[in-house]
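Encoded as structure tokens, the structure appears first; notes follow it.
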Amino acid sequence: ALAVHTMQQLPYAAFDDRLLLAAVSQQQRNASEADRWLREAASQLDSLDSPSARARWQLQLAHVLAVRRQWRALDALLG
């Protein structure tokens, strides 16, 4: 889906794909892959210029941090 959305120049759909891939990677306990997808999604935030996209990214990051029990990082994100 990501390749199709990227090729068809659908940035919001590609962003959502990256968030989904981060969630799946984290669920499979592949932290480095989850981090990569989150970084790629974060790199799109400025060009999307969307408060809802930023909020969805923050929620996904918060979920990843909670699963990893990285409470200080989670507190800093939510603080």
Side-chain angles (χ1 to χ4, degrees):
L2 177 58
V4 171
H5 291 145
T6 301
M7 186 174 58
Q8 292 182 354
Q9 298 180 347
L10 300 169
Y12 291 98
F15 175 79
D16 287 339
D17 293 340
R18 287 179 173 94
L19 292 183
L20 178 60
L21 288 165
V24 170
S25 297
Q26 184 59 48
Q27 186 175 19
Q28 294 176 340
R29 300 182 189 272
N30 189 339
S32 62
E33 192 74 7
D35 290 345
R36 181 176 73 89
W37 291 120
L38 285 170
R39 277 192 309 275
E40 286 189 21
S43 72
Q44 286 186 269
L45 287 173
D46 287 338
S47 64
L48 293 176
D49 192 30
S50 166
S52 66
R54 187 169 300 280
R56 289 194 328 269
W57 178 82
Q58 288 176 321
L59 284 171
Q60 186 58 50
L61 178 58
H63 174 75
V64 165
L65 293 172
V67 167
R68 295 178 188 174
R69 300 178 182 262
Q70 294 180 351
W71 307 123
R72 288 187 181 158
L74 180 59
D75 187 47
L77 174 69
L78 300 175

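We use all heavy atoms of the structure for the numbers below, so side chains are in, but hydrogens, waters and symmetry mates are not.
One hydrophobic cluster, built from ILVMFWY side chains closer than 4.5 Å, cannot hold both L78 and L59; they sit in different ones.
The shortest heavy-atom contact between W71 and A66 is CH2-O, 3.6 Å. Residues S25 and A34 share a closest heavy-atom pair of CB-N, 3.5 Å. The two residues H5 and A14 come nearest to each other via the heavy atoms CB-N, 3.8 Å.
In this structure the side chain of R54 reaches within 4.5 angstrom of the side chain of D46, judged on heavy atoms. The side-chain heavy atoms of W37 and V64, taken from C-beta on, include no pair separated by under 4.5 Å. Between F15 and L45, the closest side-chain pair of non-hydrogen atoms falls below 4.5 Å. Counting only heavy atoms from C-beta outward, the side chains of Q60 and Q26 never approach each other to under 4.5 Å. At least one side-chain heavy atom of L38 sits less than 4.5 Å from a side-chain heavy atom of W57.
Looking at S43, its side chain does come within 3.5 Å of a backbone N or O of E40 through a donor-acceptor pair. Distance alone, capped at 3.5 Å, places no donor-acceptor pair between the Q58 side chain and the L77 backbone.
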Worksheet item: Are S47 and D49 close enough, and set up right, to give a side chain to side chain donor-acceptor pair (under 3.5 Å), and what steps lead you there?
Response: CA-CA 5 Å; S47 64; D49 192 30; over 6 Å; no
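Here R18 contributes atom CZ and L20 contributes atom CG; the two are 12.5 Å apart, rounded to the nearest 0.5 Å. Considering CG of L21 and CG of N30, their distance stands at 11.5 Å, rounded to 0.5 Å. Rounded to the nearest 0.5 angstrom, T6 OG1 and D17 CG are separated by 7.5 Å. Here the straight-line distance linking atom CG of L10 with atom CG of L2 works out to 11.0 Å at 0.5 Å rounding. Atom NE2 of H63 sits about 10.0 Å away from atom CZ of R68, to the nearest 0.5 Å.
Within a 6.0 Å sphere centred on CD of Q70, heavy atoms belonging to other residues, nucleotides or ligands number more than 12.
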